[in-house]
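Being a predicted model, the structure only gives us computed values, none of them experimental. Every chain is numbered from 1, with letters handed out A, B, ... down the list of sequences.
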There are 2 protein chains.
Amino acid sequence: MDDSFLRTCLFFTSNRLSRAITKIAEEQFASTGLSPMYGYLILLVNGTPGITQKELAEKLSVTPSTLTRFIDKLEGRHLAERKVQGKTVLVYPTEKSKELEVTIRAASRKLKESYSAVLGLDDASKLSDDILASSELLEKR
Amino acid sequence: MDDSFLRTCLFFTSNRLSRAITKIAEEQFASTGLSPMYGYLILLVNGTPGITQKELAEKLSVTPSTLTRFIDKLEGRHLAERKVQGKTVLVYPTEKSKELEVTIRAASRKLKESYSAVLGLDDASKLSDDILASSELLEKR
DNA sequence: TTAAATTAGTTGTACATACAAAATAGAAAG
DNA sequence: CTTTCTATTTTGTATGTACAACTAATTTAA
């Protein structure tokens, strides 16, 4: 039978890659006690104290509602603080999130090493570039 | 601040692409009344009547438990039938799923046209190839 | 020929994420 | 000013997906 779509359809291949890399990322981030997405979110907040949720959602390419949920979780674990300012919400690091930063950066490094070891440094970085460019085009569309 | 990981980390970029392409795919599959994954699953079952759940899970690169859920849904909508045979389950098409096939194939074609129009035919197909190759490597690892 | 190991599938539970609708605040227009 | 419009966030709800633990069937080995 013709199941070539499994290999040629971008919907398929990119979801597959996404599941594969997420699995690796979760392994490498286990030491942080966070899933990778939350780890990166903390880096963003730590690096830009007072950033708005809207900006965070844009940077991470997730919807505002998803971002609300993310911050809810971080706040619940004292890894971020909200300060309401009119209709926007400013997000700040906490002591705890600042302490975690080193561990997160280490995990992030391990993650990159881990997939680069499999794909090759150059190929991995080229792939990521290509994917980024395509994402941007498809989001704009 | 240094937020370059948003652009250089494969975990990030590939999840982003995955969300973007999934959104497009959902639009194009709206006419089928199914989400894209279920559409492709039906094509697979229709094309291989009696395929086992294990084989389906492997082809789609999802876990067996996920596949159980998928088939539950299809069966609930009379778009697939299970036949238990010892410890394995064989999955068969139904009248309804066979009728839907034309619509699904059309959606699948529209999807490919749609992202190829944005990325360019050659680039899109090359990207998908590269992504596939990397997925395979990362899954094996 | 029974006991142990392996394999296929299911179930409970959890998490990331989205969309649509509601709440709230601020800005613009009358 | 007050009404209307717009922007930001939140909430309710739904979906896709995974893992771990379980059940049931088959195979292997004693």
Side-chain angles (χ1 to χ4, degrees), chain A residues 11-12 14-27 29-30 32-41 50-77 80-91 135 139, chain B residues 11-12 14-27 29-30 32-41 50-77 80-91 135 139:
Chain A
F11 162 76
F12 231 87
S14 76
N15 275 301
R16 184 171 168 183
L17 175 62
S18 181
R19 288 196 290 275
I21 188 84
T22 296
K23 196 164 181 182
I24 298 177
E26 272 161 3
E27 283 168 28
F29 271 72
T32 67
L34 296 165
S35 59
M37 193 58 161
Y38 289 88
Y40 286 124
L41 177 50
I51 189 170
T52 67
Q53 291 194 181
K54 180 163 198 281
E55 287 166 330
L56 286 170
E58 267 160 17
K59 280 192 192 262
L60 298 175
S61 305
V62 299
T63 61
S65 73
T66 298
L67 206 96
T68 293
R69 303 282 147 94
F70 285 176
I71 302 293
D72 286 351
K73 283 237 176 98
L74 287 189
E75 218 179 13
R77 295 179 56 181
E81 263 173 30
R82 283 183 166 103
K83 207 178 281 182
V84 178
Q85 183 157 94
K87 74 182 164 188
T88 72
V89 174
L90 311 182
V91 186
S135 306
E139 283 164 10
Chain B
F11 162 76
F12 232 87
S14 77
N15 276 300
R16 184 171 167 184
L17 176 62
S18 181
R19 287 195 291 276
I21 188 83
T22 296
K23 195 165 182 182
I24 298 176
E26 272 161 4
E27 283 168 28
F29 271 72
T32 66
L34 296 165
S35 59
M37 194 59 162
Y38 288 89
Y40 286 123
L41 177 49
I51 189 171
T52 66
Q53 292 194 182
K54 179 161 198 282
E55 286 165 330
L56 285 170
E58 267 161 16
K59 279 192 192 261
L60 297 176
S61 307
V62 299
T63 61
S65 73
T66 297
L67 205 96
T68 293
R69 302 285 147 94
F70 285 175
I71 302 292
D72 286 350
K73 283 236 174 98
L74 287 189
E75 219 179 14
R77 296 180 55 181
E81 263 173 30
R82 284 185 165 103
K83 207 179 282 183
V84 178
Q85 184 156 95
K87 73 182 166 188
T88 73
V89 174
L90 310 182
V91 186
S135 306
E139 283 164 9

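- For Q53(A) (side chain) and L67(A) (main-chain N/O), no donor-acceptor pair under 3.5 Å exists by modelled atom type.
- Looking only at atom types and distance, the side chain of Q85(A) has no donor-acceptor partner in the side chain of T88(A) under 3.5 Å away.
- Going from atom NZ of K83(A) over to atom C1' of dT8(D) covers 19 Å, rounded to whole Å.
- The closest side-chain donor-acceptor pair between T68(B) and S65(B), if any, does not fall under 3.5 angstrom.
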What string of B, S and - do you get for nucleotides 15-24 of chain D, 5' to 3', when a contact is any protein heavy atom under 4.0 Å? -SSBBB----
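- Rounding to the nearest 0.5 Å gives a distance of 10.0 Å between CG of L90(B) and CD1 of I51(B).
- Aromatic ring centroids of F11(B) and F29(A) lie 6.0 Å or more apart.
- Running 5' to 3' along DNA chain C, contacts with non-hydrogen atoms of chain B at under 4.0 Å begin and end at dT7(C) to dC19(C).
- Rounding to the nearest 0.5 angstrom, the gap separating the CE atom in M37(A) from the OG1 atom in T66(A) is 8.5 Å.
- Using modelled atom types and a 3.5 Å distance limit, the side chains of S61(B) and R16(A) yield a donor-acceptor pair.
- If you measure from atom CD of Q53(B) to atom C1' of dA25(D), you get 15 Å, rounded to the nearest angstrom.
- Across S14(B) and I21(A), no two heavy atoms sit closer than the pair OG-CG2, 3.2 Å.
- In this structure, the CG atom of L67(A) is 9 Å from the P atom of dT9(D), given to the nearest Å.
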